[in-house]
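In what follows, a structure is listed as structure tokens, so that the remarks can point back to it.
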Amino acid sequence: ARAVLTAGADGLVHGIFDAHCDAEVLDLMKRNGAFLEETAVAPLPALLGLDEWRRRLHAFDDANRVPASTYALLDAPETVASLAQSERAVRALGLTKETFEQVSRANLEAVHAAGIPIVIGTDSAITGVLPGVTTLLEVKIAVEQGLAPIEAIRAATLEAQRVLGRDARSGTIEAGKDADLILLYADPLADIGNLRRLKAVIQAGTYMDVAAPR
């Protein structure tokens, strides 16, 4: 992280999980106007193991939005082999579930306290990381690590669009911006888990009802 920031990087796309952010890294991020996109979900399949990761996915996908056929792919031989390779790599780094949770939380808190923008994102090329459901899990983890629900929502919307240079068109609900919205059954500021309680999706101005959560 220090090397790429010294070279002028304007963002870290992956958290720092093996060591605590020091003052030099934070100063470099502020000097570069850099953001942090933590991808805290990415190491979890390897850290937790396939059975525990599957259990967490099922528990989080409580409205059963992910098809059973997708979950079945987690048991495919190539998936099991890929995850075993990831587990070996994680062990070689000396990373455990406990150290990962402690260091990632401390680093997110340090970055947040320094006023550095935080962006929500996940890694689509990691075994077991499912698009959609794990993005919402990433938001939940950010709240568990200390962000207020509104800060986590902004990290997933306005801040994400800002670092992509799209905030003039998207990221907030304003006249003249893209009509890409979600409607919820319950307030996510009261419980960030309510982001999963979808009533409807509006994409490019087209309204689509979503089945009620079970």
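One is the number of the first residue; the rest follow in order along the sequence. Below, each value reflects all heavy atoms present in this structure, side chains not excepted, and no hydrogens, waters or symmetry copies.
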Worksheet item: With a 4.5 Å limit on heavy-atom distance, are the side chains of Leu198 and Arg65 in contact?
Response: yes
Worksheet item: Less than 4.0 Å between a side-chain N and a carboxylate O, is that true for Glu101 and Lys97?
Response: yes
Discussion item. Between Val90 and Glu87, is there a side-chain heavy-atom distance shorter than 4.5 Å?
Written reply: no
Practice prompt. Apply side-chain contact (heavy atoms from CB on, under 4.5 Å) to Val163 and list each qualifying residue two or more places apart in sequence or on a separate chain.
Written response: Phe35, Val119
Worksheet item: Side-chain contact, heavy-atom cut-off 4.5 Å: Glu159 with Glu37?
Response: no
Discussion item. Under the side-chain hydrogen bond (donor to acceptor under 3.5 Å, both in side chains) definition, can you give me all pairs with a residue in residues 2-17, not counting sequence neighbours?
Written reply: Arg2-Asp22, Arg2-Glu24, His14-Thr39, His14-Asp123
Discussion item. With a sphere of 6.0 Å drawn around CD of Gln203, does it hold more than 12 non-hydrogen atoms of other residues, nucleotides or ligands?
Written reply: no
Worksheet item: Any sub-3.5 Å donor-acceptor pair from Thr79's side-chain atoms to Leu73's backbone N or O?
Response: yes
Worksheet item: Got a second to check how far Leu184's CG is from Arg196's CZ, nearest 0.5 Å?
Response: 11.5 Å
Discussion item. Working note: Ile126 + Thr134, criterion side chain to side chain contact (heavy atoms under 4.5 Å, CB included); need CA distance, chi angles, decisive distance, verdict.
Written reply: CA-CA 11 Å; Ile126 299 294; Thr134 46; over 6 Å; no
Discussion item. Can you confirm whether more than 12 heavy atoms, excluding those of Glu144, are under 6.0 Å from its CD atom?
Written reply: yes
Fill in: hydrophobic_cluster_shared for Val103 and Leu147, side chain cutoff 4.5 Å
no
Item to complete: Taking Arg197 for its side chain and Pro188 for its backbone only, find out whether a donor-acceptor pair lies under 3.5 Å.
Response: no
Worksheet entry | Chi angles and distances behind the side chain to side chain contact (heavy atoms under 4.5 Å, CB included) call for Lys177, Thr172 | CA-CA 8 Å; Lys177 288 193 173 184; Thr172 55; 2.5 Å; yes
Discussion item. Starting from Ile120, can I reach Leu164 by hopping between I/L/V/M/F/W/Y residues whose side chains sit under 4.5 Å apart?
Written reply: no
Worksheet item: Asn32 and Ala9: which non-hydrogen atoms are nearest, and at how many Å?
Response: ND2-O, 2.8 Å
Worksheet item: CG of Leu47 to CD of Glu98: how many Å apart, nearest 0.5 Å?
Response: 9.0 Å
Worksheet item: Do the side chains of Leu195 and Val201 join up, straight or via other hydrophobic residues, at under 4.5 Å, putting them in one cluster?
Response: yes
Practice prompt. Working to the nearest 0.5 Å, report the span between CG of Leu83 and CZ of Arg88.
Written response: 10.0 Å
Worksheet, complete the sentence: Between the CG atom in Asp178 and the CZ atom in Arg169, the distance rounded to the nearest 0.5 Å is 4.0 Å
Response to the item:
Smallest heavy-atom separation, Trp53 atom then Gly128 atom, equals NE1-O, 2.8 Å
Item to complete: Drop me the distance from Ile118's CD1 to Arg154's CZ, to the nearest 0.5 angstrom.
Response: 13.0 Å
Worksheet item: Considering all heavy atoms of both residues, which atom of Ala142 and which atom of Ala152 are nearest to each other, and what is their separation?
Response: CB-CB, 4.4 Å
Discussion item. Walk me through whether Val66 and Leu130 qualify under side chain to side chain contact (heavy atoms under 4.5 Å, CB included).
Written reply: CA-CA 9 Å; Val66 177; Leu130 307 181; 4.1 Å; yes
Response to the item:
Rounding to 0.5 Å, atoms CG (Asn107) and CD (Gln145) come to a distance of 9.5 Å
Discussion item. Counting C-beta onward and ignoring hydrogens, is there a side-chain heavy-atom pair between Leu50 and Asp75 closer than 4.5 Å?
Written reply: yes
Worksheet entry | SB check Arg55 Glu52 (cutoff 4.0 Å) | yes
Fill in: Shared hydrophobic cluster, Val129 / Phe17 (ILVMFWY, side-chain heavy atoms < 4.5 Å)
yes
Worksheet entry | Under 3.5 Å: donor-acceptor pair, side chain of Glu138, backbone of Val41 | yes
Discussion item. To check you understand the geometry: which heavy-atom pair defines the closest contact between Pro43 and Phe100, and what is its length?
Written reply: CG-CE1, 3.8 Å
Fill in: Verify same cluster id: Met208, Leu136 (apolar side-chain graph, 4.5 Å)
yes
Practice prompt. Please report the closest heavy-atom contact between Asp180 and Ala204, naming both atoms and the distance.
Written response: OD1-N, 2.7 Å
Worksheet item: So do the side chains of His58 and Asn64 get within less than 4.5 Å of each other, counting heavy atoms only?
Response: no
Worksheet item: With no hydrogens and no angle check, is any side-chain donor or acceptor of Thr99 less than 3.5 Å from a backbone partner on Leu95?
Response: no
Worksheet item: For Pro131, does its backbone N or O pair with a side-chain atom of Thr135 as donor and acceptor, under 3.5 Å?
Response: no
Practice prompt. Write down the atom of Ser170, the atom of Gln161, and the distance for their closest heavy-atom approach.
Written response: CB-OE1, 3.5 Å
Worksheet item: For residues Glu151 and His112, is any side-chain donor paired with an opposing acceptor at under 3.5 Å?
Response: yes
Worksheet entry | Leu12 and Val111: CA distance, side-chain angles, deciding distance, side chain to side chain contact (heavy atoms under 4.5 Å, CB included) verdict | CA-CA 11 Å; Leu12 295 178; Val111 167; over 6 Å; no
